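Notes to accompany the following structure.
Keep in mind that the numbers below use all heavy atoms, side chains included, and drop hydrogens, waters and symmetry copies. Just so it is clear, the structure is predicted and the values come from calculations on it, not from any experiment. Atoms within each ligand, like the ligands themselves, are counted from 1 in listed order.
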Amino acid sequence: MPRNRDKPLSLNDFEIGKPLGKGKFGRVYLAREKSTGFICALKVLHKSELVQGKVEIQVRREIEIQSNLRHPNVLRLFGYFHDKKRIFLVLEYAGHGELYKHLQKAGKFPEWRAAQYIAQMTAALKYLHKKHIMHRDIKPENILVGIHGEIKISDFGWSVHAPNNRRKTMCGTLDYLPPEMVIPGGKDRFYDEKIDIWSLGVLMYEFLVGQAPFEDTPVMTQRRIMRAEMTIPSFVSPEARDLIKKVNSLTSRVLSDTDQFLFSSSYSTLRNVYH
Ligand code: N15
């Protein structure tokens with residue numbers, strides 16, 4: 001967003017449009033910067049809620065991390081400002097909204113579309129991992145779609161810089177977590193970027209099949225993840241089937257040197273499906 005760095009942004013610089021969504025700590029609105037006409041998504045966080053939720057430090061860190069990220073498949077944070085009560089995040093507007101809604105509507109994606117999305121996810125994760133950032137919460141709900149159909153990873157609510165601070169408790173669905181994180185005490189152990197690759201396999205399955213591979217009651221989901229127990233329907237092509245299995249079997253066990261292989265294989269195998 002072109003702007004004068006000498007002059008800090010304020011709410012007055014924006015026209016506020018329709019609400020785009022709301023999360024735990026904030027609401028997001030469509031917004032236009034008055035002077036440039038630049039369209040963005042303005043997220044409003046209430047300081048009192050952040051204090052109450054004891055997430056000020058995390059939010060500060062997320063802002064810091066996200067401000068420095070520049071990738072076509074990672075949602076940009078253009079800037080931020082605050083007043084007495086609120087923090088405002090100037091986020092990239094994704095014209096086609098939330099990916100999980102597209103998936104819901106379509107039931108499942110054709111392989112060419114799943115392939116494009118997974119290739120883009122792979123590119124985004126490769127970029128993040130190179131910067132030693134793991135996302136840790138890869139799922140359709142955290143992915144937005146741009147006007148050209150390109151995907152944008154958003155919500156770094158659980159992301160961390162890999163070398164430090166690797167012990168964070170997590171909550172929410174187990175569906176996308178690898179075995180090392182669902183075993184008892186597992187979430188207290190150290191883990192690394194590979195957990196994102198496992199989630200990528202889960203995501204690929206969900207794109208192609210319409211539901212996550214281990215979807216079940218929480219107890220059964222945990223059991224099935226630990227055993228990597230999944231059935232891939234027969235309509236999934238041999239190439240895609242092979243790749244899902246590779247990603248889900250290699251990532252959590254073979255913990256080194258598989259990144260490159262998995263990334264490049266997911267990219268080329270899925271591209272070959274339709275090109
Ligand atoms: C703590 C802080 C630094 C975290 C920063 N990251 C986020 O806040 C992640 N986040 C992104 N939270 C909300 C959003 C968000 C950005 C939500 C929705 C949109 C967004 N950009 N564009 C949208 C959007 N476009 C839409 C089009 C049609 C229907 C709904 C849409 N939502």
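- Residue-to-ligand polar distances place Q66 within reach of ligand 1: an N/O pair is separated by less than 3.5 Å.
- Using modelled atom types, one side-chain atom of N142 and one backbone atom of D137 make a donor-acceptor pair closer than 3.5 Å.
- Close contacts between ligand 1 and L75 involve ligand atoms 11 (C), 16 (C) [criterion: under 4.0 Å to a heavy atom].
- Using a 4.0 Å cut-off to heavy atoms of G95, the atoms of ligand 1 that qualify are 27 (C).
- Partners of E141 by salt bridge (charged side-chain N to carboxylate O under 4.0 Å, His left out), not counting sequence neighbours: none found.
- Both the backbone and the side chain of I63 come within contact range of ligand 1, each with a heavy atom under 4.0 Å.
- Between C40 and ligand 1 there is no heavy-atom distance shorter than 4.0 Å.
- Residues Y117 and F109 place their aromatic rings such that the two centres sit under 6.0 Å apart.
- Ligand 1 has a nitrogen or oxygen under 3.5 angstrom from a nitrogen or oxygen of K43.
- Atom 2 (C) of ligand 1 has its nearest heavy-atom neighbour, among L20, I147, L91, L89, in L89.
- With a 4.0 Å heavy-atom cut-off, ligand 1 is reached by the side chain of A41 but not by its N, CA, C or O.
- Between Y176 and Y205, the ring centre distance reaches or exceeds 6.0 Å.
- Using a 4.0 Å cut-off to heavy atoms of E92, the atoms of ligand 1 that qualify are 20 (C), 21 (N), 22 (N).
- Of the possible donor and acceptor atoms, one in the side chain of H71 sits under 3.5 Å from a partner among the backbone N and O of N73.
- Both tests hold for K108 against F235: distance to the six-membered ring centre under 6.0 Å, angle to the ring axis within 45°.
- Under the 3.5 Å distance criterion, with hydrogens and angles disregarded, a donor-acceptor pair is assigned to the side chains of H82 and K47.
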